[in-house]
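My questions all concern the structure below.
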Amino acid sequence: MAREACGTLRIGDEGRMVTLAGWVHRVRDLGGITFVDLRDGSGLVQLVFRDIPEAHDLSLEDVIRIRGTVRRRESPNPKLPTGEIEVVVEELEMLSKSKPLPFPVDTDEPRASEETRLRYRFLDLRRERMQRNLHMRHKVSLAIRNYLSTQGFVEVETPYLTRSTPEGARDFLVPSRLEPGKFYALPQSPQLFKQTLVISGVERYFQIVRCFRDEDLRADRQPEFTQLDLEMAFLEDPDELFTVIEGLVVHVFREAIGVELEAPFPRISYAEAMLRYGSDKPDLRFGMEIVDVTELFRGCGFRVFAEAVERGEVVRALPVPGAAVKSRSELKRLEERAVELGLGGVAWAKFTLEGVSSPIAKFTSEELLRRAAEKAGAGERDLLLLAAGPAGTVAEALGTLRVELARELGLVPKGAWALCWIVDFPLFKLDDEEGRIISEHHPFTSPHPDDIPLLETDPLKVRARSYDLVINGVEIASGSIRIHRRDLQERIFKLLGLTEEEAREKFGFLLRALEYGAPPHGGIAFGLDRMVMMLAGESSIREVIAFPKTATGACPLTGAPAEVTEEQLRELHLRLES
RNA sequence: GGGGACGUGGUCUAGGCUGGACUAGGACGCCGGAUUGUCACUCCGGAGAUCGCGGGUUCAAAUCCCGUCGUCCCCGCCA
């Protein structure tokens, strides 16, 4: 008789003889009667053993098969979907014994260190929460594939054994056995391949694909991670892509967690995001917008601010709702934090029923502070933080404080989703070490058409046709319209200090492809692990990856990375330094 | 590359500042027994740890110091 699903049995099944198999989730041995919660992929059901002595020998996580009769319970358990019934066991078959467990698997909160969990990942993944996360990931992938298929996208696989590229992250290398001294690299992303594909006539490409970057790890970074990679031919206006992606994201949220997002998502320029939120990935779930008050403090009595304005620096204000109650010591800590963030310090003003209280009031005036507060939308009971310095430093520091304070004060609404596009990133940035310009995104990013005349005259002012998708303050996707013309690509390479020869050496096949009729194109790539992490409500991507690595790139389950034999090394023409 | 936190029976942890009655305590799990309506079952009894590893200080180290390994978080890095 076929096995049935434990979790689907209901009162309507009363009286039926069923065959079930699964894991022993919990045992309650009362002597003459033993209750066992049996678990399979569908859920739990209570088994009742009466005259079966082997029931006393059951251990947690044994795998058993039983035959029994579904019966209405004397005392139902409202916590279980199957709580109205139980299965009276007539036959018990032990399929596989389990040793005592290193940690319990019947809890959502892990009761073991992460290292132990990873070493026994096969047990850790049995926990309902991890099963939920794996299913969530599957739902997201499925929703992506289904939606993109309806939009005419085709999933194409690209090589994992490819060529090392000089730009970007450190590559993972794979030695070639057949060509001594040569190496493959695992791709950091399929960037060049996907551009080649649209040039090849695959007008809408996507791929859910593993990417590899040999850099240090973080809670949201693994050496191998998964991207939703996507590219469209004849894409010249980012808005066209936004519409497609908004449709995709709305679909994914609906399918994965039943949330209806509102599209279109707000579009904010990089410059405006830096000004108002001090970040290129602003968290829009709460207000606390930073305002520029440079002009208010020009020539004011507080010399630190007045002199900063004279130097061409800025003064900006961050309103902190309800924080006028902060104590001296808390404010002191804030000042220290501001210094850590690169500011000279931070001035504050409290606005209460009694009036304005601020250490700089005597140098400026209450009136001036009130005007600053008004501009920032701060009122009674609020705190206003004021900082002066170079625009970039002030923006980033206040942006960090904005997020930290909002979290600390509980101003981030639970269950809220705030998405936005960040557009018009600068095309280049100054390389700190070498003092030359380098690509902000990558060298194939198209400049904004209006700014092309500035390329040679004022390159740092040139905006890119690139964009990020930000969800709740986390960068979740990033992309651009690409350059599809050789002449423009050559100008960009020249600006980056690359000779044609170097460019050909570094990016050869893409450049060749551009010479044979390349349509305008562009695309985007999502960090799938991060997106699933957010949808699952987890705070580490390791919780949504079946077999993740530790912070040193090790896998406690398999023991990777591991030594190899002399013979293996010899075949690869490798010798280790002692 | 740098900074910080942590490492104690199978698991999670108390003790650590202020070294000595710590003979290392608790909870869960495990083993034995009792138990016929439980659902985090309950009750009784028991086993199980040279306190990550190495060195040092000291009459004496889980405790202090140095080194090392591992884990986690952050900065750098991640076009």
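As a basis for the values below, the full set of heavy atoms in this structure was taken, side chains included, without hydrogen atoms, waters or symmetry mates. Remember, predicted model here, so these are calculated numbers, not experimental data.
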Mind checking if A:Thr552 touches a base, just sugar-phosphate, or nothing, with heavy atoms under 4.0 Å?
sugar-phosphate
C1' atom, B:A47 versus B:C65: distance in rounded Å?
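My reading of the C1' atoms in B:A47 and B:C65 gives 37 Å.
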To the nearest angstrom, how far is A:Ile33 atom CD1 from B:U35 atom P?
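My rounded result for the distance is 15 Å.
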For B:U23, give the paired nucleotide (Watson-Crick: N1-N3 plus N6-O4 or O6-N4; G-U: N1-O2 and O6-N3; both under 3.5 Å), or none.
none
Between B:C51 and B:A61, how far apart are the two P atoms, rounded to whole Å?
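Here B:C51 and B:A61 have their P atoms 11 Å from each other.
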Partner of B:G9 under the Watson-Crick or G-U wobble criteria, both distances under 3.5 Å, comes out as none
P atoms of B:G10 and B:G48, separation to the nearest Å
12 Å
Which one is paired to B:C77, where only Watson-Crick or G-U wobble pairs with both distances under 3.5 angstrom count?
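Its partner: none found.
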Measuring only the P atom in each nucleotide, how far is B:U23 from B:A62? A whole number of Å is fine.
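Straight-line distance between the two P atoms is 9 Å.
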By centroid distance (under 5.5 Å) and plane angle (under 30°), are A:Phe103 and B:U11 in a stacked arrangement?
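One would not call A:Phe103 stacked on the B:U11 base.
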Just checking A:Lys99: base, sugar-phosphate only, or nothing, at a heavy-atom cut-off of under 4.0 Å?
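No contact.
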With A:Leu47, which of A:Thr34, A:Ile64, A:Ile52, A:Val27 fulfils side chain to side chain contact (heavy atoms under 4.5 Å, CB included)?
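For A:Leu47, the side chain to side chain contact (heavy atoms under 4.5 Å, CB included) test succeeds with only one of A:Thr34, A:Ile64, A:Ile52, A:Val27, which is A:Ile64.
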Quick one: does A:Arg221 reach the base of B:C78 with a side-chain donor-acceptor pair under 3.5 Å?
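For A:Arg221, whose side chain was compared with the base of B:C78, there is a donor-acceptor pair (under 3.5 Å).
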Can we say A:Glu330 and A:Arg337 salt-bridge, meaning some charged N sits less than 4.0 Å from an Asp/Glu carboxylate O?
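Answer for the salt bridge query: no.
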For A:His56 and B:C41, give me the distance from atom NE2 to atom P, rounded to whole Å.
17 Å
Determine the interatomic distance between P on B:U42 and the same-named atom on B:C28; round to the nearest Å.
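B:U42 and B:C28 have their P atoms separated by 8 Å.
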I need the CZ-P distance between A:Arg117 and B:C72, as an integer number of Å.
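Atom CZ in A:Arg117 sits about 11 Å away from atom P in B:C72.
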Look at A:Lys549 together with A:Glu224 and state whether they make a salt bridge at an N to O cut-off of under 4.0 Å.
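Judged by the 4.0 Å cut-off on N to carboxylate O distance, A:Lys549 and A:Glu224 do form a salt bridge.
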Counting any heavy atom closer than 4.0 Å, what does A:Arg26 reach on the DNA or RNA strands: base, sugar-phosphate only, or nothing?
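The residue A:Arg26 makes sugar-phosphate contact but no base contact.
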Under 4.0 Å, counting only non-hydrogen atoms across every strand here, what does A:Gln191 touch: a base, just sugar-phosphate, or nothing?
base
Using purine N1 to pyrimidine N3 plus N6-O4 or O6-N4 for Watson-Crick, or N1-O2 and O6-N3 for G-U wobble, both under 3.5 Å, which nucleotide pairs with B:U42?
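The answer is B:A34, by the H-bond criterion.
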Can we say A:Asp13 and A:Arg10 salt-bridge, meaning some charged N sits less than 4.0 Å from an Asp/Glu carboxylate O?
no
Sugar-phosphate, base or nothing in reach of A:Arg542, heavy atoms under 4.0 Å
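Here A:Arg542 touches the backbone only, sparing every base.
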Partner nucleotide of B:G67 by Watson-Crick or wobble geometry (both distances under 3.5 Å)
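B:G67 is paired with B:C53.
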Taking atom types as they are modelled, would you say the side chain of A:Arg111 forms a donor-acceptor pair with the base of B:G29 within the 3.5 Å cutoff?
no
Any Lys/Arg nitrogen of A:Lys494 or A:Glu490 sitting under 4.0 Å from an Asp/Glu carboxylate oxygen of the other?
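Salt bridge flag = no for A:Glu490 with A:Lys494.
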Students often get this wrong, so: under 4.0 angstrom with heavy atoms, is A:Arg71 touching a base, only sugar-phosphate, or nothing?
base
Which is true for A:Thr116 with a 4.0 Å heavy-atom rule: it touches a base, it touches only sugar-phosphate, or it touches nothing?
sugar-phosphate
Report the distance from atom CG of A:Leu101 to atom P of B:G10, rounded to the nearest whole Å.
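Whole-Å distance recorded here is 15 Å.
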May I ask you to say whether A:Asp529 pairs ionically with A:Arg137, meaning some side-chain N is under 4.0 Å from a carboxylate O?
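Yes, this pair counts.
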Pick base, sugar-phosphate or nothing for A:Glu475, based on heavy-atom distances below 4.0 Å to the nucleic acid.
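The residue A:Glu475 makes no contact with any strand.
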Just checking A:Glu114: base, sugar-phosphate only, or nothing, at a heavy-atom cut-off of under 4.0 Å?
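If one applies the 4.0 Å heavy-atom cut-off, A:Glu114 turns out to touch the sugar-phosphate alone, with no base involved.
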Considering every strand and a 4.0 Å limit on heavy-atom distances, what is the contact class for A:Ser75: base, sugar-phosphate, or nothing?
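Base: the residue A:Ser75, judged by heavy atoms under 4.0 Å, touches a nucleobase.
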